[in-house]
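Taking it in order: structure first as structure tokens, then the write-up.
Since this is a predicted model, take the numbers as computed values, not measurements.
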Amino acid sequence: MPGDVITAIDGRAVRTSDDIRDALDAYAPGDRVAISLLRDGTELETSVVLASPQPD
């Protein structure tokens, strides 16, 4: 959702978009990844299945 802040990927803390990219480099399209995030001040956990990068 707009405004969500990703705080961790598979338990690995992330603070910047570079941290997120670095964390996701260890995975391939189709992998399921646990995501921790803040939404409206509440910490949530979910999982997502990674897709292939989209061309610009």
Side-chain angles (χ1 to χ4, degrees):
M1 301 287 296
D4 286 358
V5 177
I6 297 172
T7 59
I9 297 175
D10 271 349
R12 179 179 168 186
V14 295
R15 288 190 166 81
T16 67
S17 58
D18 286 338
D19 290 344
I20 293 169
R21 274 193 296 277
D22 291 345
L24 293 177
D25 280 345
Y27 301 95
D31 287 348
R32 183 170 296 276
V33 180
I35 303 290
S36 299
L37 59 96
L38 286 175
R39 178 178 294 160
D40 298 326
T42 302
E43 184 140 359
L44 303 172
E45 299 218 6
T46 190
S47 65
V48 297
V49 175
L50 300 178
S52 297
Q54 299 297 312
D56 291 334

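Residue pairs satisfying the salt bridge (charged side-chain N to carboxylate O under 4.0 Å, His left out) criterion with at least one member in residues 25-51, sequence neighbours excluded, are listed as follows: Asp4-Arg39.
Other members of the cluster containing Leu38 are Val5, with ILVMFWY side chains joined at under 4.5 Å, either directly or via other members.
With hydrogens and angles ignored, the 3.5 Å screen pairs a side-chain donor or acceptor of Asp19 with a backbone N or O of Thr16.
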Name each donor-acceptor pair under 3.5 Å that joins a side chain in residues 6-15 to protein atoms two or more places apart or in another chain, with its distance.
unit_1, atom_1, unit_2, atom_2, d
Thr7, OG1, Ser36, O, 3.2
Asp10, OD1, Ala34, N, 2.9
Asp10, OD2, Tyr27, OH, 2.5

